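Since the structure comes first, as structure tokens, the remarks are kept for the end.
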There are 2 protein chains.
Amino acid sequence: MRAQLSLRERKKLQAMRRIQEVALELFDEYGYSNVTIERIAAEAEVSPSSVYRYFGTKEYVVLYDEYDPVAVQSLDDEFAAQDPVAALRRVTTDMVEELESREVDLVRRRMRYAMTEPDVRAGMGRQVEQITTEIRGLLAKHTGRDPGDLDVRVLAAALVSVFMTAIEYWHDTDYREPLHTVLDRALDVIDGITLDRPRG
Amino acid sequence: MRAQLSLRERKKLQAMRRIQEVALELFDEYGYSNVTIERIAAEAEVSPSSVYRYFGTKEYVVLYDEYDPVAVQSLDDEFAAQDPVAALRRVTTDMVEELESREVDLVRRRMRYAMTEPDVRAGMGRQVEQITTEIRGLLAKHTGRDPGDLDVRVLAAALVSVFMTAIEYWHDTDYREPLHTVLDRALDVIDGITLDRPRG
DNA sequence: CTCCGCTTCGAGAGTTACTATCACTTGGGA
DNA sequence: TCCCAAGTGATAGTAACTCTCGAAGCGGAG
């Protein structure tokens, strides 16, 4: 699955994981804004320069997720087979199922900061925007339309927006309901949206 | 309309307008990131402290809009009279019509930075989030539901998301089409969403 | 195994957004 | 006219982020 990484790449990946783990530990103990990059770097035994090289910003130390690109790829695959809403449902369910419990824990820890800390939340906003653009591209590709089309834009934005709303609700209700159920209910509200029948 | 302002409040408002104008002038000439708060303050003949007191952040110097609260108020009124989608349409059309051409110009200048400069864009994201929360409250109020309801959340998020998509499209296409037309087309895509009939 | 080149790393210095504090000024009511 | 509260500006400090440059270390060629 991921063996063709060079030593360099493996070291980098390991370092990133270690830095993220150390950072979360420190954040949990002292609070996000009371921990400096310098401190994280010291604790992770790398230079501050490296933290910036790897993550770019402090928020991204929390937000970085090595599986993000995989998710987008899956979405691309599923868009080919079914309508966008069903595809999103499918990919989400699959991803959740594949996570090991240790990973689930990490995700929730990170999510807490994404929901709570304004800076981290803003950073997530940027990521969401970027992913929305990618989804616009995918939708355009699979429907033969232009990515700049208003309809394509609206559909992409709506999908992402509903997804994020589900995530936030899930978090706010302490993960009581499984994510896929929440997402199902959320998607029901906008059900019926497609690009094939532009007018109601 | 706005006469009950004390001298203090009038001076503050004037100062804020002057600072924003001066800042935009400088940004237009040198680029957003090449202009420091210190320079803006000097040019506007106030102290840097005051700029921070008034706006809080550099992005908010661009994003500040004295009519934002008015818009939310209008939305509250219209939600009482008609369905959410129609209400949003209505408020937008009204607001656009009321703007004088000098103000339209200012709005577009500011919008350019909101779309182009990452920091400003992120700041706008925060504002959008806050407004989304307010709209959730309004929807809850007018439908007798809880603001935390998943359905309420999804509807609020969808409305705002579609609105922002329309704005961005409008900007990307150089304001060729009037905003209300763009918004109409955008809203058509999600037409049929209501809280009264939760399932399609 | 050895050496060379290119990528990555770390150290240091610098910029600037933002915060906190505090003495000073000014508006608004008595 | 006087007084108090609110607003202002100067100053000092923090920490995120950037740039630069010399020092490693990986990976391929001989």
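Every chain is numbered from 1 and lettered A, B, ... according to where its sequence line falls, protein lines coming before strand lines. Just so it is clear, the model here is predicted, and its values are computed rather than measured. Values below: every heavy atom of this structure, side chains too, minus hydrogens, waters and symmetry copies.
For K58(B) and Y32(B), the positive end sits near the middle of the six-membered ring, less than 6.0 Å away and at most 45° from its axis.
A41(B) approaches V51(B) most closely through the heavy-atom pair CB-CG2, 3.9 Å. For the residue pair F79(B) and P84(B), the shortest heavy atom distance occurs at CE2-CA, 3.6 Å.
Between E45(A) atom CD and dG10(C) atom P there is a gap of 11 Å when expressed in whole angstrom units. A straight line from CG of L7(B) to P of dG29(C) spans 11 Å, rounded to a whole angstrom. The CD atom of E117(A) sits 12 Å away from the P atom of dA16(D) (whole-angstrom rounding). Computed from coordinates, the D119(A) CG to dC18(C) C1' distance equals 11 Å when rounded to whole Å. At whole-Å resolution of the value, CG in L13(B) and P in dG27(C) are 17 Å apart. In this structure, E9(B) atom CD and dT8(D) atom P are separated by 12 Å, rounded to whole Å. Spacing between atom NZ of K11(B) and atom C1' of dG28(C) amounts to 13 Å, rounded to whole angstrom units. If you measure from atom CG of L5(B) to atom P of dA6(D), you get 18 Å, rounded to the nearest angstrom.
Taking a cutoff of 4.0 Å between a charged side-chain nitrogen and a carboxylate oxygen, R136(B) and D149(B) do not qualify as a salt bridge. The pair E177(A)-R185(A) counts as a salt bridge, with a side-chain nitrogen and a carboxylate oxygen less than 4.0 angstrom apart. With respect to E117(A) and R112(A), no salt bridge is recorded, no charged nitrogen being found less than 4.0 Å from a carboxylate O. A salt bridge between E103(A) and R108(A) is absent, with no side-chain N of the basic residue lying under 4.0 Å from a carboxylate O of the acidic one. The pair R109(B)-D105(B) fails the salt-bridge criterion, with no side-chain N (NZ, NE, NH1 or NH2) lying under 4.0 Å from an Asp/Glu carboxylate O.
For S6(A), a side-chain nitrogen or oxygen approaches OP1 or OP2 of dG27(D) to under 4.0 Å. Contact annotation: S47(A) reaches the phosphate of dG10(C) (side-chain N/O to OP1 or OP2, under 4.0 Å). An OP1 or OP2 oxygen of dC9(C) is reached within less than 4.0 angstrom by no side-chain nitrogen or oxygen of S50(A).
Within residues 35-42 of chain A, the residues having any heavy atom closer than 4.0 Å to DNA chain D are, in order of number, V35(A), T36(A), I37(A). Of the residues in residues 51-61 of chain A, those lying under 4.0 Å from DNA chain C by heavy-atom distance are R53(A), Y54(A).
Taking the ring pair (Phe, Tyr, Trp, His ring centres under 6.0 Å) definition, one finds that Y113(A) meets it with F27(A), sequence neighbours left out. Shown here are the salt bridge (charged side-chain N to carboxylate O under 4.0 Å, His left out) partners of D68(B), two or more places apart in sequence or in another chain: there are none.
In summary, the side chains of E129(B) and T132(B) do not present any donor paired with an acceptor at a separation below 3.5 Å, with no hydrogens or angles considered. If you check the side chains of E9(A) and S6(A), you find a donor sitting under 3.5 Å from an acceptor.
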Produce the list of close N/O pairs, under 3.5 Å, pairing protein atoms with atoms of nucleotides 1-7 of chain C; give distances to one decimal.
unit_1	atom_1	unit_2	atom_2	d
dT7(C)	O2	R8(A)	NH2	3.1

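Enclosure of atom CD in Q82(B) by more than 12 non-hydrogen atoms of other residues, nucleotides or ligands within 6.0 angstrom is indicated.
Counting only heavy atoms from C-beta outward, the side chains of F163(B) and L187(B) never approach each other to under 4.5 Å.
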Pairing pattern in dot-bracket form [Watson-Crick, G-U; both distances under 3.5 Å; | = partner strand] for DNA chain C: ||||||||||||||||||||||||||||||
